[in-house]
Amino acid sequence: MKILVINCGSSSLKYQLIDMENEEVLAKGLCERIGIAGSKLTHKPAGKDVLEKEEAMPDHQVAVKLVLAALQDKVYGVISDVNEIAAVGHRVLHAGKYYSDSIVVNEDVKKVVRDCFDLGPLHNPANLIGIEACEAAMPGIPNVAVFDTAFHQTMPEKAYMYAIPYEYYEKYDIRRYGFHGTSHRFVSKRTIEFGKLNPDNSKVIVCHLGNGGSISAVVNGKCVDTSMGLTPLEGLIMGTRSGDLDPAVVQYIANKEGKDVNEVINILNKKSGIFGISGVSSDFRDVQKAQREGNKRADIAVEAFVYRVAKYIGAYVAAMNGVDAITFTAGVGENDAVIRNAICSYLGYLGVTVDAKKNELRGEEVEISGADSKVKVYVIPTNEELAIARETKALI
Ligand code: ADP
């Protein structure tokens, strides 16, 4: 069975075709600059040359057609007929309070994605366009929506309520939702399996540290808290996002700089985080290089990032009244031994120790805690596309 995984952004479309017999990626690729001059398809079939094609893509509909053509291409293709695709799994950002699991798309599901446009203004419209483009190009082939928010729907009220007038929750559904749910679900489940934890008696903290970052607290496989909120802006210090701050800062900057709220939020989303503090880059590798070269602001950025992660871990140990395993994942979490070590150095009070040798390993599932560590620490690579494909397969 072959599953096509699609992740649509406002002007992009990423895809992977996965053979579910062996979970191998048959082809993956990216359409860029959809709706903008200079659109381009990059198609990477496994074991074959890369196809790069500059071709007008006025909308996602055309992009989906180009992707399907590339997948069936005589030279670069990996299937001979579109009907070999059993289903399409779509990454969808926001399901609001409506879904706690993935779901086969029908008109009701599309209405929910539409109803959540306000909550995910950059992503949900693009996600819906992607779904509709696949419906048009592949009639009869089921589409499955896999939501970034779904895994976090098990959070209790005390974790998701903001302490603002209740009427705003009632009228506008303003509350914490959390994101990266597909990754947190996948990685927490793998932690329980890999660490041989008791699925019905386990407390896991997942640190998804990439360009965007979030942490979740998972009890018996269910999320009880996570660091992102109504939008992905809350929580950790990220590549370009501020994470937590006093909301009065928004008013203060607006007044001082003569900006409106939207402009300030844009700054908090795109010009803040480790980029904002360091002034160097949003990429951890660049900022750490600058830090090693003695750049003071880069040093503060990295230190502040690590400190915030450590504070969240402490908060979630308290929320769960304990922790069995702490798992690192995503770009920084999987690759950066220095950051992992720095975070763990705050966790002596939990009896956490790190095995320096194992901490250097990369690209594989590994326990990095020392033999004497009271809490297990793991690195588990995330694979959101595979997780989406698995959920899609399970549903059809
Ligand atoms: P996202 O999916 O949120 O865009 P990723 O999970 O790909 O982000 O993570 C990107 C981040 O991971 C970047 O800041 C990058 O510097 C960092 N990263 C990637 N590879 C490495 C590496 N080998 N060592 C340290 N950091 C890395």
Side-chain angles (χ1 to χ4, degrees), residues 1-20 25-35 39-45 51 53 55-73 76-95 99 101-117 120 122-148 150 182 384-396:
M1 177 193 285
K2 291 168 188 127
I3 304 269
L4 180 62
V5 176
I6 288 202
N7 183 357
C8 265
S10 52
S11 66
S12 69
L13 186 161
K14 287 188 211 147
Y15 64 94
Q16 282 195 9
L17 184 67
I18 301 178
D19 184 347
M20 297 311 286
V25 177
L26 298 170
K28 61 179 168 184
L30 166 69
C31 299
E32 293 166 278
R33 300 179 65 86
I34 300 170
S39 8
K40 181 178 163 193
L41 165 82
T42 308
H43 173 74
K44 297 181 180 168
L51 167 68
K53 203 169 179 181
E55 195 163 325
M57 292 181 223
D59 54 40
H60 289 73
Q61 210 108 321
V62 176
V64 167
K65 281 195 186 133
L66 282 176
V67 169
L68 293 179
L71 289 171
Q72 298 170 84
D73 188 88
Y76 300 96
V78 291
I79 52 174
S80 47
D81 192 296
V82 127
N83 287 312
E84 287 179 43
I85 299 172
V88 187
H90 296 263
R91 181 175 187 182
V92 183
L93 184 79
H94 224 302
Y99 296 124
D101 259 312
S102 306
I103 187 161
V104 178
V105 174
N106 60 20
E107 289 308 312
D108 292 343
V109 175
K110 285 199 276 181
K111 182 173 182 306
V112 165
V113 177
R114 208 172 290 120
D115 287 348
C116 294
F117 276 7
L122 296 180
H123 296 86
N124 269 40
N127 300 151
L128 184 62
I129 290 170
I131 289 171
E132 291 182 333
C134 287
E135 286 176 336
M138 293 178 269
I141 296 178
N143 290 281
V144 169
V146 179
F147 300 100
D148 255 39
T182 308
E384 286 169 295
E385 289 77 16
L386 179 59
I388 291 171
R390 282 185 187 164
E391 295 197 17
T392 302
K393 181 183 170 192
L395 277 173
I396 53 153

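No hydrogens, no waters, no symmetry mates; every other heavy atom, side chains included, goes into these values. Values in this document were obtained by computation on a predicted structure and should not be read as measured data.
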Given the rule in the side-chain contact (heavy atoms from CB on, under 4.5 Å) test, do K110 and L128 qualify, once you have shown the distances and angles that lead to the verdict? CA-CA 7 Å; K110 285 199 276 181; L128 184 62; 3.8 Å; yes
- Message: Before you tell me yes or no, could you show the steps for C134 and V64 under side-chain contact (heavy atoms from CB on, under 4.5 Å), namely the whole-Å CA-CA distance, both residues' side-chain angles and the distance that decides it to 0.1 Å?
- Response: CA-CA 7 Å; C134 287; V64 167; 4.3 Å; yes
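- Within 6.0 Å of NZ on K44 lie no more than 12 heavy atoms contributed by other residues, nucleotides or ligands.
- Put simply, the side chain of D59 gets close to the backbone of V62: a donor and an acceptor are under 3.5 Å apart.
- Nearest heavy atoms, M57 versus A63: SD-CB, 3.8 Å.
- Of the charged side-chain nitrogens involved, none lies within less than 4.0 Å of a carboxylate oxygen, so that K14 and E384 do not count as a salt-bridged pair.
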- request: Evaluate the side-chain contact (heavy atoms from CB on, under 4.5 Å) criterion for residues V67 and L41: first the C-alpha distance (whole Å), next the side-chain angles of each, then the deciding distance (0.1 Å), finally the verdict.
  value: CA-CA 8 Å; V67 169; L41 165 82; 4.2 Å; yes
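- Here the options are N143, T392, N127, the test is side-chain hydrogen bond (donor to acceptor under 3.5 Å, both in side chains), and the partner is H90; only N143 passes.
- Side-chain atoms of V92 and I131, non-hydrogen and from C-beta on, do get closer than 4.5 Å to each other.
- For the side-chain contact (heavy atoms from CB on, under 4.5 Å) criterion with Q16, the lone passing option out of N7, V25, L26, L4 is V25.
- Put simply, the side chain of N83 reaches to within 4.5 Å of the side chain of I141, judged on heavy atoms.
- Looking only at distances, no side-chain donor or acceptor of E391 sits under 3.5 Å from a matching main-chain atom of I388.
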Item checked: Residue pair H43, L66: steps toward the side-chain contact (heavy atoms from CB on, under 4.5 Å) verdict -> CA-CA 10 Å; H43 173 74; L66 282 176; over 6 Å; no
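- Checking each of L93, D101, I103 against F147 for a side-chain contact (heavy atoms from CB on, under 4.5 Å) leaves exactly one that passes, namely I103.
- Nearest approach of C8 to G130, heavy atoms of both residues: SG-CA, 3.6 Å.
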